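What follows is one structure encoded as structure tokens, with my remarks underneath.
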Amino acid sequence: MSTSSLARGALIVFEGCDRSGKSTQCLMLVERLKALGKRVQHLRFPDRSTPTGQKINAYLANASEMQDDKIHQLFSENRWEAVPSMLEALKNGTTLVVDRYAFSGVAFSSAKGLDLEWCKKPDAGLPAPDAVIYLDIPIEAAMKRGDFGNERYETRAFQEKVAAQYKKLQTPSWMMMDARLPIDQLQADIFNIASKVIADAQNAPVGKLW
Ligand code: DGP
């Protein structure tokens with residue numbers, strides 16, 4: 001079979017405030033798809049393993065400072081670095097389950113007061129997700145989960161601003177999930193959504209943001 005006739009993989013993005021359960025749900029979805037023999041890869045942004053990711057990591061840990069517009073661009077660069085391998089994987093039939101994407105970039109940076117439309121510009125042209133799964137949680141509930149408060153953005157006031165900015169980005173196509181549901185119940189719903197998204201994406205071209 002030639003590569004061009006191979007059904008492509010789907011680009012499935014998880015978004016939400018800190019401690020909404022994205023990482024857990026991404027991992028569970030990846031494991032379930034793998035167990036079914038599907039080609040699937042787990043990505044997360046920022047990718048802290050690359051040189052840009054290491055600078056971002058230092059910034060998030062409050063070990064370095066950077067101007068808001070500069071760090072915004074660095075987060076975007078960190079995503080662009082992954083694009084060639086993402087496109088290759090999708091073309092080869094691998095579904096990408098992505099923990100945070102450009103929507104985090106816009107929501108977090110515009111929550112600091114940067115113009116929302118300006119914030120969208122560096123990520124314009126990135127591969128468009130076939131689905132955005134948003135894990136919705138009241139900030140109060142997120143704060144009660146472990147580890148909240150260790151990194152730069154993890155304050156109640158800031159996360160509330162982020163949630164408000166996410167709302168501005170939300171479109172009718174976003175899958176809004178109640179992140180307070182029991183983990184397995186939430187995963188069952190997410191798996192059903194992902195299965196349909198994977199089937200629908202097979203023969204569709206990869207779109208571009210925004
Ligand atoms: P995580 O590894 O998912 O915990 O994300 C790290 C933190 O960085 C989290 O508070 C969300 C934030 N973040 C993720 N992507 C971006 C981005 O593109 N821009 C900004 N300003 N913050 C981001």
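In listed order, ligands and their atoms are each counted from 1. Model, not experiment: these values are computed from the prediction.
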Residues K121, E117: salt bridge by 4.0 Å N-O rule: no
Within the side chain of R48, is there an N or O that forms a donor-acceptor pair under 3.5 Å with the backbone of I56? no
I need the contact residues for ligand 1: any residue with a non-hydrogen atom closer than 4.0 Å to the ligand, ordered by chain then number. D18, R44, P46, R48, L60, F75, R79, R100, S104, G105, F108, S109, Y153
Salt bridge flag under 4.0 Å for residues D18 and R100: yes
Measuring from F45:CZ to F103:CZ, what's the distance to the nearest 0.5 Å? 12.5 Å
Rounded distance (nearest 0.5 Å) linking atom CG of L90 with atom CD of E88: 9.5 Å
Short side-chain donor-acceptor distance under 3.5 Å, Y134 and K167: no
